[in-house]
Protein chains: 2
Amino acid sequence: MISHAEENYLKAIFKISEKEAKAASTNAIAAEMQTTAASVTDMLKRLAEKNLIDYEKYRGVQLTTEGSQVATALIRKHRLWEVFLVDKLGFSWDEVHDLAEQLEHVQGNNLIDRLDTFLGHPKFDPHGDPIPDAEGRWSFRQQVLLSTLKPGERAAVTGVDDHSPAFLQYLDQLGLTLGAGLELLERFPYDQSLRVRTPDGRELVLSEKVGQNLFVKIS
Amino acid sequence: MISHAEENYLKAIFKISEKEAKAASTNAIAAEMQTTAASVTDMLKRLAEKNLIDYEKYRGVQLTTEGSQVATALIRKHRLWEVFLVDKLGFSWDEVHDLAEQLEHVQGNNLIDRLDTFLGHPKFDPHGDPIPDAEGRWSFRQQVLLSTLKPGERAAVTGVDDHSPAFLQYLDQLGLTLGAGLELLERFPYDQSLRVRTPDGRELVLSEKVGQNLFVKIS
DNA sequence: TATAAAATTTAGGTTTGTCTAAAAATTAAT
DNA sequence: ATTAATTTTTAGACAAACCTAAATTTTATA
Ligand SMILES: [Mn+2]
Ligand SMILES: [Mn+2]
Ligand SMILES: [Mn+2]
Ligand SMILES: [Mn+2]
């Protein structure tokens, strides 16, 4: 039996380990979980006891195979629920995270596979993040940060790195939702801001920060 | 802020109060919640503290207006999720209760009203139980227990009193799902068992127990 | 290498929700 | 009206998950 809190910690450790190859530190986990280092240490002992992580005092942690499976299953649930909320209930992509954060913990035998079927086996969630399949296999997509494009290159929006509602709402306003096409016209050396043109002929100037948080696929 | 446990107690008290007009007793709540009387007493103090129930030591409890609203909202959520699981995900009516028991606690601003819209504003759940609307208003239906029919009367199945998977699966086997038509042919005085005929001409003999747990609408 | 800074763990405590066993109050039965 | 049975509450504990403050260990710096 794995509690909601334990599941959330495993997911946090998974996310940290995705970015950095080395063991996840107590502080990094505390930051991700928005809690204190002391609380994290408490939990790490419990997770190690259950063989969900390898934990060496003062040395950080890594997920075991089992811990990694639990985290992957949780991410699958989270993202499938997000697809449901957007595709079926009509929420926008900036509204669904907190709901999915709760729904991911609902457990039942066939629930997620049935939901997956109902949704048509989506491979990516509303933020462009890949959804692992029932066996835990991931889809990968050829994508780069908008900031790495060279002037003249055309691309389509495939995802975001920053998932904050503020950023997502700003992208909505700019019309840069998933699938939106664009062409990089110019990068201003002064502040690395980007001038882009959309298929409908609009020209936008995007900050360096936007460029570093928007994934695109070069076409 | 109301916890999951508190919500469940309020729902239990609501259910007990539906059947009996008087105050719900500690033992009745303990039975409904499958816990001990001592745990119930603990919780009753907390709920009274939050003005969700009127509680007098040794005298049982009644929901306040606010407590009743919380319970009604919870039942609405539970039953809408059950409709979702059956209508959209293809679960059968005997599989959905435990899942809905978890889903009912997911909280978010528009979630339930959007789900309601997505489902087409259903008035009854997969077990024939009424779904209160967003303002807490209940639909009522003219229905009686099958056991009260007189020979020669025709009726259609509208709901169940016993919600156990065993009973629901037995009804599936008999073809007595929601909406199924039937005619009472005969009641055997010896054990009050019932001989009924279905529209397709089959004849069934149903025990007194079945008759007392199946709601029908006389046609 | 000694010292300072940062990271991590431990110690001790709180809240929620649960339990068993014992005490108290209510209700039923003689 | 007593006594017996039942119901309910209290007392005392426990586990999960969190906290703050203090101690310890590791890492960085002079
Ligand atoms: Mn999310
Ligand atoms: Mn997402
Ligand atoms: Mn149910
Ligand atoms: Mn139901």
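We name chains A, B, ... by the order of the sequence lines, and we start the count at 1 in each one.
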> If you draw a 6.0 Å radius around CD in B:E135, do more than 12 non-hydrogen atoms from other residues or ligands fall strictly inside?
Replying inline: yes

> Given the rule in the side-chain hydrogen bond (donor to acceptor under 3.5 Å, both in side chains) test, do B:D94 and B:S92 qualify, once you have shown the distances and angles that lead to the verdict?
Replying inline: CA-CA 6 Å; B:D94 59 297; B:S92 59; 2.6 Å; yes

>> Other residues, nucleotides and ligands only: do more than 12 of their heavy atoms fall within 6.0 Å of NZ on B:K88?
In response: yes

> Reading nucleotides 16-25 of chain C 5' to 3', which nucleotides get B (base under 4.0 Å from a protein heavy atom), which S (sugar-phosphate only), which -?
Replying inline: SBBBBB--BS

> Would a 4.5 Å heavy-atom cut-off, applied to side chains only, mark B:P122 and B:D116 as touching?
Replying inline: yes

>> Tell me if the CD atom of B:E18 is crowded by more than 12 foreign heavy atoms within 6.0 Å.
In response: yes

> Just checking B:T26: base, sugar-phosphate only, or nothing, at a heavy-atom cut-off of under 4.0 Å?
Replying inline: sugar-phosphate

> Taking all non-hydrogen atoms of both residues, which atom of B:D129 and which atom of B:H163 are closest, and how far apart?
Replying inline: OD2-NE2, 2.6 Å

> Should the pair A:F84 and B:F84 be assigned to parallel (<30°), tilted (30 to 60°) or perpendicular (>60°) ring geometry?
Replying inline: tilted

>> Under a 3.5 Å distance rule, please check whether B:T158 uses its side chain to pair with a backbone N or O of B:F215 as donor and acceptor.
In response: yes

> Using the C1' atoms of the five pairs at each end, what is the angle between the end axes of the helix from C:dT1-D:dA30 to C:dT30-D:dA1, to 10°?
Replying inline: 10°

> Does anyone know the first and last nucleotide of DNA chain D in reach of chain B, 5' to 3', at under 4.0 angstrom to a heavy atom?
Replying inline: D:dT7 to D:dT10

> Roughly how many Å is it from CZ in A:R59 to C1' in C:dT8, rounded to a whole number?
Replying inline: 11 Å

> Would you call the rings of B:W93 and B:H127 parallel, tilted or perpendicular, where under 30° means parallel and over 60° means perpendicular?
Replying inline: parallel

> Is a side-chain donor or acceptor of A:R114 paired with a backbone partner of A:N109 at a separation under 3.5 angstrom?
Replying inline: no

